[in-house]
Amino acid sequence: MYRTKADFLQDWTKSSTGTLDVLRAVTDEALGQEIVPGHNSLGWIGWHMTTALGYFTNLLGFRLSALKSLTQPADASAIADQYARYADEIAQAAEQFSDDYLLEEVDVHGAKQPRGAVLRMMIDHQTHHRGQMTVLLRQAGLTVPGVMGPTKEQMKA
């Protein structure tokens with residue numbers, strides 16, 4: 001849970017940068033890469049991660065800019081570009097947070113949670129899906145960016 005704006009902004013900057021690196025590693029040809037047939041694809045996970053940011057910010061009481069469509073784009077760069085816009089909008093909104101704001105409770109499906117806890121859930125959610133995406137990137141034969149440290153390939157370089 002975040003209790004200070006500075007702590008959230010520090011984590012958000014690092015987390016959103018890593019997520020954007022993963023999204024930018026996806027090619028149009030790899031959007032359909034699934035771990036096994038019938039499961040979520042790279043494209044679906046990337047778009048889900050992007051659109052879920054609106055879900056979390058709605059819980060916090062603010063809205064991100066509207067999407068042109070909820071349909072997953074067929075262009076990998078469109079997913080990454082939309083994520084980048086939303087990540088920036090969240091960072092800009094967070095600049096206005098007070099530390100007291102982070103402690104205020106909001107309704108999360110019938111349970112009261114501090115806003116700082118919702119922000120932590122938002123980052124945890126994207127970290128979970130970003131990890132899934134790195135596995136799918138490797139299965140697709142694409143370069144996996146070093147998000148939490150260097151990848152095996154980067155260690156050899």
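From a predicted model like this one, the values you see are computed outputs, not experimental measurements.
In this structure, Arg3 and Asp99 have side chains that are not in contact, with every pair of non-hydrogen atoms separated by 4.5 Å or more. For the pair Met122/Tyr55, no side-chain contact is recorded, criterion being any heavy-atom separation below 4.5 Å from C-beta on. In this structure, Asp81 and Arg24 have side chains that are in contact, with non-hydrogen atoms separated by less than 4.5 Å. Pro114 is not listed as a side-chain neighbour of Leu103, based on a closest heavy-atom distance of 4.5 Å or more. Residues Leu67 and Thr51 have side chains in contact (heavy-atom distance under 4.5 Å, counting atoms from C-beta outward). By the 4.5 Å heavy-atom criterion applied to side chains, Ile79 and Leu31 are counted as neighbours. At least one side-chain heavy atom of His125 sits under 4.5 Å from a side-chain heavy atom of His48. Side-chain contact between Phe56 and Ile90 is absent, with no heavy-atom pair separated by less than 4.5 Å.
Note: the hydrophobic cluster containing Leu53 also contains Leu70 (ILVMFWY, side chain heavy atoms under 4.5 Å, direct or indirect links). In terms of hydrophobic clustering, with Ile, Leu, Val, Met, Phe, Trp and Tyr side chains grouped at heavy-atom distances under 4.5 Å, Met1 and Leu119 are assigned to different clusters.
Summarising the geometry of Gln154 relative to Gly146, their closest heavy-atom pair is OE1-CA, 3.4 Å, with the distance given to 0.1 Å. Nearest heavy-atom pair, Leu59 versus Val108, reported as atom, atom and distance to 0.1 Å: CD1-CG1, 4.2 Å. The shortest heavy-atom contact between Leu23 and Ala80 is CB-CB, 4.0 Å. The heavy-atom pair separating Leu136 from Asn40 by the smallest distance is CD1-O, 4.1 Å. Of all the heavy atoms in Ala66 and Tyr86, the pair that sits closest is C-OH, 4.2 Å. The two residues Gly38 and Glu34 make their nearest non-hydrogen contact at N-OE1, 3.2 Å.
Rounding to the nearest 0.5 angstrom, the gap separating the OG atom in Ser65 from the CD atom in Glu89 is 3.5 Å. Here the straight-line distance linking atom NZ of Lys14 with atom CD1 of Ile123 works out to 11.5 Å at 0.5 Å rounding. Note: Asp7 CG to Arg120 CZ = 10.5 Å, rounded to the nearest 0.5 Å. Rounding to the nearest 0.5 Å gives a distance of 5.0 Å between CG of Leu9 and CD of Glu95. Distance OG1/Thr151 to CZ/Arg138: 6.5 Å, rounded to 0.5 Å.
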Next item on the list: Could you please spell out the steps behind the side chain to side chain donor-acceptor pair (under 3.5 Å) verdict for Gln126 and Thr19?
Entry: CA-CA 7 Å; Gln126 84 171 9; Thr19 299; 3.3 Å; yes
Next item on the list: Take Asp100 and Ser98, measure what side chain to side chain donor-acceptor pair (under 3.5 Å) needs, and give me the verdict at the end.
Entry: CA-CA 5 Å; Asp100 288 340; Ser98 68; 5.2 Å; no
Checklist line | Criterion side chain to side chain contact (heavy atoms under 4.5 Å, CB included) on Thr143 and Leu137, from CA distance to verdict | finding: CA-CA 7 Å; Thr143 301; Leu137 284 171; over 6 Å; no
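Between the side chain of Gln82 and the backbone N or O of Thr50 there is no donor-acceptor pair closer than 3.5 Å. Checked by atom type and distance alone, the side chain of Arg130 pairs as donor or acceptor with a backbone atom of Ser15 at under 3.5 Å. Listed for the Trp44 side chain is no donor-acceptor partner under 3.5 Å among the backbone atoms of His39. In terms of modelled atom types and a separation under 3.5 Å, the side chain of Asp28 and the main chain of Asp75 share no donor-acceptor contact. Side-chain atoms of Thr134 come within 3.5 Å of backbone N or O of Gly131 as a donor-acceptor pair. When atom types are taken as modelled, the side chain of Asn58 and the backbone of Gly54 share a donor-acceptor pair closer than 3.5 angstrom.
Residue Tyr101 forms a side chain to side chain donor-acceptor pair (under 3.5 Å) with just one option from Lys5, Arg115, Gln96, and that option is Arg115.
Classification of the Trp12-Tyr83 ring pair by plane angle, with boundaries at 30° and 60°, yields tilted. Between Tyr2 and Phe8, the ring planes are perpendicular. Angles over 60° get that label, and only those under 30° would be called parallel.
No more than 12 heavy atoms of other residues, nucleotides or ligands shown are found within 6.0 angstrom of CD on Gln10. For Met121, the CE atom sits in a packed shell: over 12 heavy atoms of surrounding residues, nucleotides or ligands are nearer than 6.0 Å.
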